**Student:** 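Attaching a single structure in structure tokens format; questions to follow.
Quick caveat: nothing in here was measured; it's all calculated off a predicted structure. Each chain gets a letter, A, B and so on, in the order its sequence line appears, and its residues count up from 1.
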Number of protein chains: 2
Amino acid sequence: MSQTTVSRALNGFPEVSEKTRQVVLEAAAKHNYKPNTRARRLATGKSMTIGHLVSVSKEYELVNPIFADFIAGASARYAQSGYDLLLSLVPDEDEFTSYKELAARSTVDGVVVHTPRVDEQRIAQLNSLNLPFVVHGRSSNTLEKYNWVDVNNERSFFRATQLLIELGHTTIGLINGIAGVDFAVRRTQGYLRALKENNIELADAYVTHSEMTEPNGYKNALALLDLPDPPTAIVTSSIIMAHGIKRALDERELKLGRDVSVITHDDDLSYFRDTAAVPVYTATRSSVREAGRLSADLLLKTIADPSRDPEGILLDAELILGSSTKPPRLR
Amino acid sequence: MSQTTVSRALNGFPEVSEKTRQVVLEAAAKHNYKPNTRARRLATGKSMTIGHLVSVSKEYELVNPIFADFIAGASARYAQSGYDLLLSLVPDEDEFTSYKELAARSTVDGVVVHTPRVDEQRIAQLNSLNLPFVVHGRSSNTLEKYNWVDVNNERSFFRATQLLIELGHTTIGLINGIAGVDFAVRRTQGYLRALKENNIELADAYVTHSEMTEPNGYKNALALLDLPDPPTAIVTSSIIMAHGIKRALDERELKLGRDVSVITHDDDLSYFRDTAAVPVYTATRSSVREAGRLSADLLLKTIADPSRDPEGILLDAELILGSSTKPPRLR
DNA sequence: TAAATTTATCAAAGCGCTTTGGATATTGTC
DNA sequence: GACAATATCCAAAGCGCTTTGATAAATTTA
């Protein structure tokens, strides 16, 4: 039996009779024959691989824990379509070089861009490389067309802040992610818009930017509590920071909700799921795993049809009422 | 100029003169020429890829957050050696099928096995596949030879429990990872040995097993606190669970340290680093990122020399004194 | 029944590299 | 200056598949 027939039988082409296909399949199963990935990829000209380049800040050496869940969402889709997932952690300054190299070597058929900045260079660069990609998040200052999946950050944080104001809070802090990253900027914008619409003016010190770690949540919360007029409510960008904030409140013997209200963005991380009937935290919730799934779908569609017009998918975070928000205590 | 010369110049073979090598390198740089990955892999017979198959429990659908840091450690080493990292999240029951397929298709040159169980089937199976691998953790009930990198779990938890006993605690709970997973079993053994050596007998109810999430830490802590004779100290397997335990204590208006002592295992996760001069938690600490690095090194060595005898690397967790442990309060 | 289609199979080319086994040019030795 | 040794380069084979174009067999049509 010829190679051709075997190949066609295994790959489901119609030019082979059902009878011979069965024979081939049985023989393949019997000898545990699977076409060699490398040869197959060379012959087809496809790598059947999606690249996820996660930038690791040299300074902090930390890996954003939301990747685990994002990738869990994406990975399932890739597997369904026969794609592999290539994960590469690169020092952030090298990131574009890495894309260029992946493209030149054609190691991957597409990439997902994580954590875009407000003025993200990679988008234009990737467009010029002609490598299909999807951005998880958006980049405010670009005119490029590109695929993206994002949460409505501005609106979510506007609503969160608005809720606190409606409860009677007028001194509200924001403990945000690092400055310049697009989602953080949009969240600040939403927060500021709510303040402005309610004629509240607050000093810059009420907004902090840092990597979203527990220690930073703690540290920044202490800084806010040390202000001459400490906030009665805090909005934050991550449930991990929220835990740090909680620790700061404990240390000052302040009670979450009663003394200081907190609203957090909640990515619905699998190991931090706020599952109680009344959630612990009032939160703007949007599943990052779902975002992973959607990004994967969009990327696979783009790879299948490269002439496809770029698409943006905007997810709306739910505002979930928990027990961490109450009217401010009278002083 | 011939293909041969170019290939040799680019790959640093000595059969080419420095002069021509320069010419080739310049020309390559000028045209951004990089050898095609797929062709290269077919020609060399190596995939230059390491597979990490992370099993995702169907029931819980959760991704162990320590992977992010483990992989961060490993990834840097792979990159140095020119290897890619293939990440695949597979439903746990399919895991061996996945290895078999990777081997048959020779998609990867080696794999890392995560979260082995006490009686881990995959080890014998991988040995029979002749695919180089390293286990992150160990498997107690196997006679197979294999590469592994593990923390001294038994000893760490023995020491942690011993410390609590020395402080005067006699009723000590253990909030552990899921039953049957090797590290959890060893930790329970260490805990039980310390109790036994000090002639302390406790009912089975003082040990709980579950996925290491914040909600589970909370839930299991409440269960312990609801026992007729609630523990005055708790040992736990994860800093994420420790946060859940803390929440349970808050709810019962118990103070961490003063009312209930807690020792946690601390993987030194980058977003949960306990950096204070006096750490918040007394902990058995061992960097999972370092484990990732060591695993990668070991795997790369094994790939380079497959006849190499399997090696085990045992890391000793430090016992870090923090402020979450104090002598028990008098009742 | 012969010619025209359709179906089932195959031989060979090609994917873009690395590597083997020369061939040629250069240098060194007596 | 003749020969050996070495340095430099190259043509061609091969990696294990998919795919193209052709052929043979089976079926249909006239």
**Student:** Could you give the distance from CD (A:Glu101) to OG (A:Ser106), rounded to the nearest 0.5 Å?
**Tutor:**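 Result: 12.0 Å between the selected atoms.
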**Student:** Is a salt bridge present between A:Asp268 and A:Arg289, judged by a nitrogen-to-oxygen distance below 4.0 Å?
**Tutor:**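 No salt bridge links A:Asp268 with A:Arg289.
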**Student:** Just N and O in the side chain of A:Thr5: are any of them under 4.0 Å from OP1 or OP2 of C:dT9?
**Tutor:**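 Answer is no, no contact under 4.0 Å.
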**Student:** Identify, between A:Arg38 and B:Val16, the residue whose nearest nucleotide on DNA chain D lies closer to the 5' end.
**Tutor:**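 Residue closer to the 5' terminus by nearest nucleotide: B:Val16.
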**Student:** Indicate whether the side chain of A:Ser139 and that of A:Asp182 have a donor and an acceptor atom separated by less than 3.5 Å.
**Tutor:**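 On atom types as modelled, these side chains do not qualify, holding no pair under 3.5 Å.
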**Student:** Side chains of B:Leu300 and B:Tyr83: does their closest heavy-atom pair fall under 4.5 Å?
**Tutor:**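 B:Leu300 vs B:Tyr83: side chains touch.
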**Student:** I'd like to know whether the aromatic ring centres of B:His114 and B:Phe70 sit less than 6.0 Å apart in this structure.
**Tutor:**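 So the answer is yes for these two rings.
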**Student:** Does any residue of residues 17-36 of chain B have a heavy atom under 4.0 Å from DNA chain D, and if so, which ones, in number order?
**Tutor:**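 Residues of residues 17-36 of chain B that come under 4.0 Å of DNA chain D are, in numerical order, B:Ser17, B:Thr20.
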**Student:** With heavy atoms of chain A within less than 4.0 Å as the criterion, where does contact along DNA chain D begin and end?
**Tutor:**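 So the contact region on DNA chain D extends D:dG16 to D:dG21.
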**Student:** Could you tell me how far apart B:Leu10 (CG) and C:dT19 (P) are, to the nearest whole angstrom?
**Tutor:**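 For the pair B:Leu10 CG and C:dT19 P, the rounded distance is 13 Å.
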**Student:** Within this structure, what is the CZ-to-P distance between A:Arg8 and C:dA11, rounded to whole angstrom?
**Tutor:**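 The distance from CZ of A:Arg8 to P of C:dA11 comes to 13 Å, rounded to the nearest Å.
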**Student:** Does OP1 or OP2 of C:dC10 have a side-chain N or O of A:Thr4 closer than 4.0 Å?
**Tutor:**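 Looking at the OP1 and OP2 atoms of C:dC10, neither is under 4.0 Å from any side-chain N or O of A:Thr4.
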**Student:** I want to know whether A:His136 and A:Phe67 have ring centres closer than 6.0 Å.
**Tutor:**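 Judged by ring-centre distance (under 6.0 Å), A:His136 and A:Phe67 do not meet the cut-off.
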**Student:** Quick check for you: to the nearest 0.5 Å, what is the distance between A:Gln125 atom CD and A:Glu120 atom CD?
**Tutor:**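 Answer for the CD-CD pair, A:Gln125 versus A:Glu120, is 8.0 Å.
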**Student:** To check you understand the geometry: which heavy-atom pair defines the closest contact between A:Pro310 and A:Lys145, and what is its length?
**Tutor:**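 Here A:Pro310 and A:Lys145 meet closest at CG-CB, 3.8 Å.
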**Student:** Is it true that A:Lys301 and A:Asp305 make a salt bridge, defined as a side-chain N closer than 4.0 Å to a carboxylate O?
**Tutor:**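 Result for this pair is no, no salt bridge flagged.
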**Student:** For B:Ser47, which of B:Asp84, B:Asp109, B:Thr107, B:Thr37 qualifies under side chain to side chain donor-acceptor pair (under 3.5 Å)?
**Tutor:**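 Per the side chain to side chain donor-acceptor pair (under 3.5 Å) rule, the option paired with B:Ser47 is B:Asp109, out of B:Asp84, B:Asp109, B:Thr107, B:Thr37.
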**Student:** Would you check if A:Ile123 and A:Val135 make a side-chain contact, meaning some heavy-atom pair closer than 4.5 Å?
**Tutor:**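 Counting from C-beta outward, A:Ile123 and A:Val135 do come under 4.5 Å.
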**Student:** Give me the residues of residues 39-48 of chain B where at least one heavy atom lies under 4.0 Å from an atom of DNA chain D, by number, or none.
**Tutor:**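 Those residues are B:Leu42, B:Ala43.
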